[in-house]
Structures are given as C-alpha cells and as structure tokens.
Amino acid sequence: MDRIRIRGGRPLSGEIKVGGAKNAALPLMAAGLLTDQRLTLSNVPQLADVRTMTLLLAQHGIAVDPVTEDGRALSLGGAITGTEAPYDIVRKMRASFLVLGPLLARVGEARVSLPGGCGIGARPIDLHLKGLEQLGARIVLEGGYIDARVRGRLKGATIVFPFVSVGATENLMMAASLAEGRTVLANAAREPEIGDLAAGLVAMGARIEGIGSDTLTIEGVERLGGAEHAIIPDRIETGSYACAAAISGGSVFLRGARLDHLGATVRILREAGVDIDEQAEGLMVRRLNGLHGADVMTEPYPGFPTDMQAQFMALMAVAEGASMVTETIFENRFMHVPELNRMGARINVHGASAIVRGVGGLSGAPVMATDLRASLSLILAGLAAQGDTIVSRVYHLDRGYEAVECKLAACGADIERVAG
Ligand code: EPZ
C-alpha cells in the first residue's frame, strides 16, 4: 500500500488549482440514471470515488464515457439494464446508496446493498428509506439488501426531516423529480453540493423551487432530458489547502476557489489568524502572524463543516493557546487524534469535544490514515513537523483528494508518494 513521506518546515508558496467537488460529482453522476438522454458533466475531479461510481453505473447499464482526454468531462447515458447495487461496491463507497432514489423513480425497482458501517460512525440510512416510503415505495430489508419497489410512479408527498441529512435530501430530491405531483422536502440540507445537484436536475428539466433554502419544492415531471453541467469547485479541498498554507506559514493562491461556498469556515480560519483574500479567480491564503486557538462546533451548512474538523484540529495543534473542537454530526470522527498526538500534539477528547492545547512544534513520525479527512490532517501536521512524517494507508486520501503530493510539492513542500 502506498505511503506519503513529508519532511516539514517549509512554508508553502505558489498556486493550487481547486478541483471539482467530490460530493457534488457523486450525486450528479447518480442523476444520470434519471434520463435516457446524455448527461454531460464537466470539472469532474479525478478521484477513486468517481471511478467507483463509474463502475456502479456500468452495473446498471449506464456508460460513463470520457469526453476529454483527461476525463474531467464525462458523458453518461444508456438504457437501464440492471437495478442491483452490489455489496462489494456499496461497502467501498457509501455514496453508492444515491442510486436508490433514481432507480426507483426511473424503473420502479431497485435492490441496493445496505452500506454498512464506516469508520466515522454508524451512518444509518433510515431517513432515505422513510422518505421513499412516503413517496409510495415498498421497502423490504433482506439479506443485507434494500429491496425497493413501486407500482407505477412514485407519488409526491411532504417530507419533514427530523434532522439535516445531505444524502437523504439528495436521494429524495432525485426521486421526487420524476414522481407524480408535488414533493416538499422540509429541513432539507443546504450544502452547496445540494444546490449544484438541484441545478443539474433543473438543467435536465426538473422543476425545483427553494434551491439554497431548507425547504425544497419539487413538481414531478414525466421524464427528464439530457443536459450539460459544470460541477462546482470543492469547498472542502479549498479549506484543506487553506489550512496547508496556514500551518506551513506560507501563502498559496487557490485558483477557482469560491469564498461564498465556505460558510463558517472563512470566519473560523480568520479568527485563528489565517488571512483569506478574495480575488477575481480564487482566494489568496496567507499566514501573516501567529495562529491562535479558536473554538469550533461542526454543524450542517452554512455552519462549520464536519469534513473540515480534522484539518482544523491539525492547524490548532500548533496554534497559540487552546481551542475546543466539538463534533456534532458523526459519533466517531476523532480517529486522527491519537495519530496527531504521536507527533507531539496535545489533544484530549471528552465525548464529542476535544481540547487542543497548542504546542510550539510537532515532530515527524510514522502515522496511519484512518479515514479520508483524517488522512489530510496528518499531511498538514507533517508540513509543520520537524523531520519526516510517513503517512500509511493513503488509499483513504485518494478517495477524495486528487494528487495531493503533486499539488503540495508544486508549492515547495518536501513531499513524495512512496510505493509499496
Ligand atoms: C455527506 O454524507 C458527505 N458525503 C459526507 O462527506 C459529509 O460528512 C456528510 O454529508 C455531512 O456533511 C457525500 O456527500 C458523498 P448525512 P451523508 O446524511 O449524506 C445521520 C467526506 O469526507 N443520518 O448528512 O452520509 C448520519 O449518521 C464525507 O467527503 C441518519 O441518522 O451524511 C450523520 O450522523 C464523509 N440517518 C448525520 O445524519 C440517515 O438516514 C449526517 O449525515 C441519514 C443520516
């Protein structure tokens, strides 16, 4: 398994191109199931998860053809020839579950493996299933698979989510697009990726009101057509590289980054002493003076994203003073803490909160990636540490970050991927 070696102590300086958002690309690819025309997506990130979703769509008969050499534009289309999403794909990528709503809406049936657990939490899918039942689906759980069927078309309904769920909002918005009548999704997620999926669906002919708000109203249509859609830049990649610039004491231009998608991340990073300057084509991120501790609580958008929690904790590990990091979305998203402490960080976890006491410096060490965002937090710590840090199990990283070592090396980091 590949590892990444970083020798810390070099301030980053240069430019990083922000890629397309992973968490918009995956639902938009699933939306390709909703039409028998061609859906062309551009600004597609080159990630392991995108390749997994391509494999899954092929199981259903949907071909995903590269439009450009670099595969950053994909054309999806084809007749649905299979409605089963197998365990060996779903267990690798939970976002596979996003084919359930589209399959059900398009052909009236789907057999999708339950995603099973994941490192950061149990991550049940009860809201997805309850919502689909409200739209008229019959859901049976057997042998670890969800068997969903509907006679005729799904019927619009009013669905009130008890708490915000990105995936449930996406699955149900896609299903409702082809349902008969009106569907209202109340307490819907408002992440920019939801808005991007909605924009893609509207381009395909869906009728969706309230985009960007917590109440989405969808008037179902008989069929959806093809469309061309450019995926928004990845706000989590943006925040991650902003932390890289800050923790290394450097300055990096994040080309293509959008300030308006960063929500509370901007406020919190600025509070911690990170200088973020919006420019015509992106964001200039610098650390002019010292970093200082800032408290943060993860919340649904526009609050501070749970997907930025591990990265921010690495930054706070070398800030002056203490910071309290509270994780409210997932029950087990502190697996990076013991690894950061191996590098000399002083972090104590108490239930859903972690107290981070900033230290003068970290020391390089062999550490293990445990999940996607934790992997990046270890690389950030490595950028600031004295000596070498070797991050193992970087397959976690490759799921959601494109060519991290190349992007950071281009800004002067002493970093390389070590095969084996
Ligand atoms: C999406 O996951 C993202 N993944 C996650 O990003 C992100 O952390 C998460 O949203 C929160 O923002 C993709 O978009 C592919 P949720 P999702 O449904 O949809 C509970 C990354 O690093 N819940 O908003 O699975 C759930 O357990 C990944 O890129 C239920 O209880 O997240 C969690 O505690 C990690 N029942 C909370 O809600 C349900 O039916 C939020 O989950 C659904 C969710």
Side-chain angles (χ1 to χ4, degrees), residues 19-31 45 47-50 52-53 56 90 92-101 112 114-134 139 141 146 159-174 185 187-197 214 231-232 234-240 261 263-265 298-312 327-333 335-336 352 369-377 396-402:
K22 165 178 87 80
N23 292 347
L26 297 175
L28 280 160
M29 289 177 76
L47 300 170
D49 275 6
V50 169
T52 304
M53 184 58 89
L56 177 58
V90 178
K92 263 194 290 198
M93 184 186 66
R94 313 179 51 73
S96 310
F97 207 68
L98 293 172
V99 303
L100 177 60
V112 178
L114 271 170
C118 143
I120 61 177
R123 301 181 73 181
I125 37 84
D126 52 318
L127 299 188
H128 300 239
L129 302 183
K130 283 185 196 130
L132 290 171
E133 283 177 328
Q134 282 190 256
I139 306 266
L141 169 60
I146 294 293
I159 297 166
V160 182
F161 292 114
F163 48 83
V164 171
S165 162
V166 169
T169 301
E170 292 167 340
N171 237 332
L172 293 162
M173 180 164 64
M174 289 190 280
L185 300 181
N187 199 21
R190 297 167 48 195
E191 275 67 4
E193 294 76 28
I194 303 276
D196 203 33
L197 173 60
D214 64 358
I231 292 167
I232 55 172
D234 193 315
R235 63 191 169 98
I236 305 301
E237 190 187 20
T238 299
S240 302
H261 282 176
T265 304
T298 64
E299 293 171 306
Y301 191 86
F304 189 85
T306 174
D307 291 350
M308 275 298 302
Q309 180 258 105
Q311 300 90 306
F312 186 71
E327 171 59 56
T328 71
I329 307 290
F330 291 108
E331 63 269 28
N332 186 34
R333 204 167 195 176
M335 290 182 288
H336 42 285
T370 51
D371 60 88
L372 170 57
R373 306 301 174 181
S375 325
L376 205 286
S377 81
H396 288 292
L397 196 68
D398 297 332
R399 293 191 47 186
Y401 288 98
E402 193 180 328

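Remember, it's 1-based here, ligands and their atoms both numbered in the order they're listed. On a predicted model such as this, the values are computed, not experimentally measured, just so you know.
Proximity to H128 (heavy-atom distance under 4.0 Å) selects the following atoms of ligand 1: 40 (O). Using a 4.0 Å cut-off to heavy atoms of G167, the atoms of ligand 1 that qualify are 18 (O), 19 (O). In the vicinity of L127, heavy-atom distances shorter than 4.0 Å reach the ligand 1 atoms 36 (N), 39 (C), 40 (O). Distances below 4.0 Å separate heavy atoms of D126 from the following atoms of ligand 1: 30 (C), 31 (O), 36 (N), 39 (C), 40 (O). Interface of R333 with ligand 1, defined as ligand atoms under 4.0 Å from a residue heavy atom, comprises 8 (O), 22 (O), 35 (C).
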### Task
List the steps and the verdict of side chain to side chain contact (heavy atoms under 4.5 Å, CB included) for M308 and S240.
CA-CA 7 Å; M308 275 298 302; S240 302; 4.1 Å; yes
### Task
Test N23 against D307 for side chain to side chain contact (heavy atoms under 4.5 Å, CB included), laying out the working first.
CA-CA 11 Å; N23 292 347; D307 291 350; 3.7 Å; yes
### Task
Could you check L127 against F163 for side chain to side chain contact (heavy atoms under 4.5 Å, CB included), going step by step and ending with a plain yes or no?
CA-CA 9 Å; L127 299 188; F163 48 83; 3.5 Å; yes
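Residues L132 and L172 share a closest heavy-atom pair of N-CD2, 3.5 Å. When every heavy atom of F161 is checked against every heavy atom of A168, the shortest pair comes out as CE2-CB, 3.8 Å.
Using modelled atom types, one finds no donor on one side chain facing an acceptor on the other under 3.5 Å when comparing R235 with T265. For the 3.5 Å distance criterion, the side chains of T328 and E299 fail to qualify, holding no donor opposite an acceptor.
Contacts of S165 with ligand 1, taken as heavy-atom pairs under 4.0 Å, involve both backbone and side chain. Proximity of K22 to ligand 1, defined as any heavy-atom pair under 4.0 Å, is confined to the side chain (atoms from C-beta onward).
A heavy-atom separation below 4.0 Å is found between P124 and ligand 1.
At the shortest separation from atom 38 (O) of ligand 1 among protein heavy atoms lies F163 CE1, 3.5 Å. Nearest to atom 3 (C) of ligand 1 among the protein's heavy atoms is N23 ND2, 3.7 Å. Nearest protein neighbour of atom 11 (C) of ligand 1, counting heavy atoms only, is T306 CG2, 3.9 Å. With respect to atom 22 (O) of ligand 1, the closest heavy atom belonging to the protein is R373 NE, 2.9 Å. Looking only at protein heavy atoms, the nearest one to atom 24 (O) of ligand 1 is V166 N, 2.8 Å. Atom 27 (O) of ligand 1 has as its closest protein heavy atom R123 CA, 3.3 Å. Nearest non-hydrogen protein atom to atom 6 (O) of ligand 1 is D307 OD2, 3.0 Å. The nearest heavy-atom contact from the protein to atom 34 (O) of ligand 1 is I329 O, 2.6 Å.
In this structure, K22 does not pair ionically with E193, as no charged nitrogen and carboxylate oxygen lie closer than 4.0 Å. With salt bridges taken as basic N to acidic carboxylate O contacts below 4.0 Å, one links D49 and R399.
Under the side chain to side chain donor-acceptor pair (under 3.5 Å) rule, Y401 has a single partner from E237, H396, R373, which is R373.
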